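A quick write-up on the structure given underneath.
Keep in mind it's a predicted model, so treat the numbers as computed, not measured.
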Amino acid sequence: RDIHDLKEQHPQDKSLWRWAVQVQRVYAQAKAFCSDNPRQRLRARGRFERSLLAVCAPFCGDQSAAQRVLCERVRRHLSELFVFVSNPDVPADNNAAERSLRHLVTGRKISGGTRSPQGTDTKMKLSTLFGTWRAQGLNPFDTCRQLLVSPQP
């Protein structure tokens, strides 16, 4: 998304557009990779990390490059970017996490949020509980009611 926004901000920067294609190519190759062999997955992860770093390295520290900030972010977080290659249980994107929060963000924008830090804290804790119960296949209403009527030690 940040690359897309950067391209919109600098539509005439051909170097930026070439860089964006290279980054997207590395990501697409990483997403397409599959192997049942853990060693092959680990080696592939290293290859993708090195490829992305090679694409970004020329722009790190270059104050005139529009993609400098993103390249420096890639360098800082490189070890986190291709976990999905070595661990097939990890999704290649965070879309599920973003979707799970969307209703909270929409509600905050419509209502203006809570009126206190304590209210925000309570709302977040309840959202976490109800979201976890839903993810576990439990009925949040029934589970909450059971929690409230159960004797606490």
**Request:** Mark yes or no for whether R45, through its side chain, and S79, through its backbone, hold a donor-acceptor pair below 3.5 Å.
**Result:** yes
**Asked** What about L78 and L42, same hydrophobic cluster or not, with Ile/Leu/Val/Met/Phe/Trp/Tyr joined at side-chain heavy-atom distances under 4.5 Å?
**Response** no
**Prompt:** Are L129 and L138 connected, step by step, through hydrophobic side chains (Ile, Leu, Val, Met, Phe, Trp, Tyr) whose heavy atoms are closer than 4.5 Å?
**Reply:** yes
**Asked** CZ of R134 to CG of N139: how many Å apart, nearest 0.5 Å?
**Response** 10.0 Å
**Request:** Say whether V21 and L70 are linked into one hydrophobic cluster, either directly or through other cluster members, by side-chain heavy-atom distances under 4.5 angstrom.
**Result:** no
**Asked** Taking all atoms of both residues into account, what is the closest heavy-atom pair of P91 and F84, and its distance?
**Response** O-CB, 3.7 Å
**Item:** Spacing of CZ belonging to R76 relative to SG belonging to C60, to within rounding of 0.5 Å
**Value:** 9.0 Å
**Asked** side chain to side chain donor-acceptor pair (under 3.5 Å) with S35: which of Q40, R43, R41?
**Response** Q40
**Item:** Non-hydrogen atoms of Y27 and A92 that approach each other most closely
**Value:** OH-O, 3.1 Å
**Prompt:** In the single-linkage hydrophobic clustering (I, L, V, M, F, W, Y; side-chain heavy atoms under 4.5 Å), do V26 and V90 co-cluster?
**Reply:** yes
**Minimum heavy-atom distance between C71 and F59, given as atom pair plus value** = SG-CB, 3.8 Å
**Request:** Taking the side chain as every heavy atom from C-beta outward, state whether K125 and T128 have any atom pair closer than 4.5 Å.
**Result:** no
**Request:** Assess whether atom CG of D142 is packed by more than 12 heavy atoms of other residues, nucleotides or ligands within 6.0 Å.
**Result:** yes
**Asked** Side-chain contact, heavy-atom cut-off 4.5 Å: Q136 with T143?
**Response** no
**Smallest separation among heavy atoms of A44 and V85, with atom names** = CB-CG1, 3.9 Å
**Asked** So does Q118 have more than 12 non-hydrogen atoms from other groups sitting under 6.0 Å from CD?
**Response** no
**Request:** Report yes or no: do M124 and L126 belong to one cluster of Ile/Leu/Val/Met/Phe/Trp/Tyr joined by side chain heavy-atom distances under 4.5 Å?
**Result:** no
**Message:** Nearest 0.5 angstrom please: Q9 CD to K7 NZ, how far?
**Reply:** 12.5 Å
**Request:** In plain terms, say whether E72 and R68 are close enough for a salt bridge, that is, a side-chain N and a carboxylate O under 4.0 Å apart.
**Result:** yes
**Prompt:** Which atom pair, heavy atoms only, marks the closest approach of F48 to F82?
**Reply:** O-CE1, 3.6 Å
**Message:** Determine whether V23 and Q67 satisfy the following criterion, side-chain contact (heavy atoms from CB on, under 4.5 Å), listing intermediate values before the conclusion.
**Reply:** CA-CA 11 Å; V23 169; Q67 62 269 48; over 6 Å; no
**Request:** Write down the atom of C56, the atom of W19, and the distance for their closest heavy-atom approach.
**Result:** SG-NE1, 3.7 Å
**Message:** Any side-chain to backbone donor/acceptor pair from R50 onto G46? Under 3.5 Å, distance only.
**Reply:** yes
**Asked** Can we say R1 and D5 salt-bridge, meaning some charged N sits less than 4.0 Å from an Asp/Glu carboxylate O?
**Response** no
**Asked** Is W133 reaching over with its side chain to a backbone N or O of F141, donor-acceptor style, under 3.5 angstrom?
**Response** no
**Item:** Spatial distance of atom OG (S86) from atom CD (E49) [nearest 0.5 Å]
**Value:** 8.0 Å
**Fill in**
The reported gap from CG in L16 to CG in L6 (rounded to nearest 0.5 angstrom) is 4.5 Å
**Asked** Which residue pairs satisfy the salt bridge (Lys or Arg N to Asp or Glu O under 4.0 Å) criterion with at least one member in residues 10-29, sequence neighbours excluded?
**Response** none
